[in-house]
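Just so it is clear, the structure is predicted and the values come from calculations on it, not from any experiment. Protein chains get the first letters and strands the later ones, always in sequence-line order, with residue 1 at the start of each.
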Number of protein chains: 2
Amino acid sequence: MDKKEEILKTALKLFVEFGFHATPTSKIAKEAGIANGTLFHYYKTKDELILALYAHTKSRLTEYMYANASKDESLELVFKSIYTNTIEWAQENKAEFYFIQQFSTSPFYGLISPEEITKQAKPHLDFLQAGIKAAVLKPLPVDMLYTLINSHIAGINQYLSSEEFSTPKQKKIINESFQLLWDMIT
Amino acid sequence: MDKKEEILKTALKLFVEFGFHATPTSKIAKEAGIANGTLFHYYKTKDELILALYAHTKSRLTEYMYANASKDESLELVFKSIYTNTIEWAQENKAEFYFIQQFSTSPFYGLISPEEITKQAKPHLDFLQAGIKAAVLKPLPVDMLYTLINSHIAGINQYLSSEEFSTPKQKKIINESFQLLWDMIT
DNA sequence: ATATTTGTAGACTGATTAGTCAATCATTGT
DNA sequence: ACAATGATTGACTAATCAGTCTACAAATAT
């Protein structure tokens, strides 16, 4: 049993349910079935725990995003694969995805260095830049393109989470919304 | 001097800067130049203050959104006016807009009743529904359309906030991004 | 004028918080 | 076997927090 993982898992659940302001470290420790001191053995401060949780969750998402993306395919297919993967991950890991958004829209996000943020975005921006260069994507500023795509995904995810859709219906929405996005940026 | 307003103004500033978890009511009172008890005279609990701040800020945005929207214009022009107004307000009231997002992506949002949320969205959804009926907008589910538009606006606002653009450049971005959105939904 | 309500203050409290600490327990390497 | 290092505990603390209380001031009503 990996206590470090257990702490992250529990913290995620509680932060999403009650927010940062209303989940004391004591509650996390209790719910995780460990002693108070153990939590602070692994994470020096509450802030450090929150930052670690973000990094961990974000990297899990990033990993999944690029899964099965064979580079032989056309740019559209690769892009669609990333798009679909992202939304599928978000739907299968709703708390995780919600946490990423919660964190990003909180002052905690400011604790991450600009370099780290740039580094995170780099591969995505490069990918988009290549698409522009190949004259597949519209020659918009890459940052703008990137933000627009992210927002679109966040929106569709929110829509999918707002109701209970059957799996085929969900797939249909993902396909259709991808087409809307693709038409917008190409 | 309206102390109630002063409290809201100060709370907004501190919540945006430090987050809910790290801005005690004592700090708000101190910074607002009033006594601790006075804050609780106007707002029974911290939660009530937070909810009031959200309602107040949200209604200020909504009011501004529909400003100068003469109903004689074409649907496209009315829609563009709403789009432009929203982004302009967001740019001129960055802290306020950020707070709305921060609140919406936090467990506090769950404290607002579904009826209230539906009521808030109603006019927007009706507007979009009319656009679909008039065969101007694509026959997509209104909820999806609504979420897509909101996300698009949030994205463009984020992009505009990420750098320092000159006013004309900013206007150009707003116009171009509107066209992208409009082409996507019509 | 007097009574009643409303606004304002700030000291105070009981509960809670993040984080510490000294003491065991488990694991590993030698 | 036996150090030595790391993991785990939970009682503890100092600080902080949301919210209360009493007192008084200002405004408003009668």
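Contacts between residues 6-30 of chain A and DNA chain D, defined by a heavy-atom separation under 4.0 Å, are absent. Contacts between residues 47-55 of chain A and DNA chain D, defined by a heavy-atom separation below 4.0 Å, involve no residue at all.
Following chains of ILVMFWY side-chain contacts shorter than 4.5 Å, one cannot reach B:Met184 starting from B:Leu77, and the two form parts of different hydrophobic clusters.
Evaluation of the ring pair (Phe, Tyr, Trp, His ring centres under 6.0 Å) test over residues 101-145 of chain B, restricted to residues two or more places apart or in two chains, returns A:His21-B:Phe108, B:Phe20-B:Phe108, B:Tyr54-B:Phe103, B:Tyr66-B:His124, B:His124-B:Tyr146. Screening residues 159-180 of chain B for side-chain hydrogen bond (donor to acceptor under 3.5 Å, both in side chains) gives B:Lys80-B:Asn175, B:Tyr83-B:Ser177, B:Gln91-B:Ser161, B:Gln179-B:Asp183 as the qualifying pairs, with residues at least two apart or on separate chains.
Within the 4.0 Å cut-off from OP1 or OP2 of D:dA7, at least one side-chain nitrogen or oxygen of A:His41 is found. Between B:Tyr43 and D:dG19, a side-chain N or O to OP1/OP2 separation shorter than 4.0 Å is absent.
One can place OH of A:Tyr42 at 6 Å from C1' of D:dA7, the figure rounded to the nearest angstrom. Nucleotide D:dT22 holds its P atom 17 Å from the CZ atom of B:Phe40, rounded to whole Å. For the pair B:Leu39 CG and D:dT20 C1', the interatomic distance rounds to 14 Å; values are reported in whole Å. In this structure, the NZ atom of A:Lys4 is 13 Å from the P atom of D:dG6, given to the nearest Å. Nucleotide D:dG6 holds its C1' atom 15 Å from the CG atom of A:Asp2, rounded to whole Å.
Counting only heavy atoms from C-beta outward, the side chains of A:Thr147 and A:Ser151 approach each other to under 4.5 Å. The shortest distance between side-chain heavy atoms of A:His41 and A:Lys3 does not fall below 4.5 Å.
Other residues, nucleotides and ligands place more than 12 heavy atoms under 6.0 Å from the CD atom of B:Glu48. The neighbour count for A:Glu63 CD, taken as heavy atoms of other residues, nucleotides or ligands under 6.0 Å away, does not exceed 12.
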Quick one: which protein N/O atoms are closer than 3.5 Å to N/O atoms of nucleotides 9-11 of chain C? Pair and distance per line, please.
residue : atom : partner : partner atom : Å
C:dA9   : OP2  : B:Ala35 : N            : 3.2
C:dA9   : OP2  : B:Thr38 : OG1          : 3.0
C:dG10  : N7   : B:Gly37 : N            : 3.4

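With sequence neighbours excluded, the residues forming a salt bridge (Lys or Arg N to Asp or Glu O under 4.0 Å) with B:Asp126 are B:Lys122, listed by chain and number.
With hydrogens and angles ignored, the 3.5 Å screen pairs no side-chain donor or acceptor of B:Lys46 with any backbone N or O of B:Pro24. For the pair B:Gln102 (side chain) and B:Phe15 (backbone), a donor-acceptor distance under 3.5 Å is present.
Contact detail for B:Leu160 and B:Ile87: the closest heavy-atom pair is CD1-CG2, 3.6 Å.
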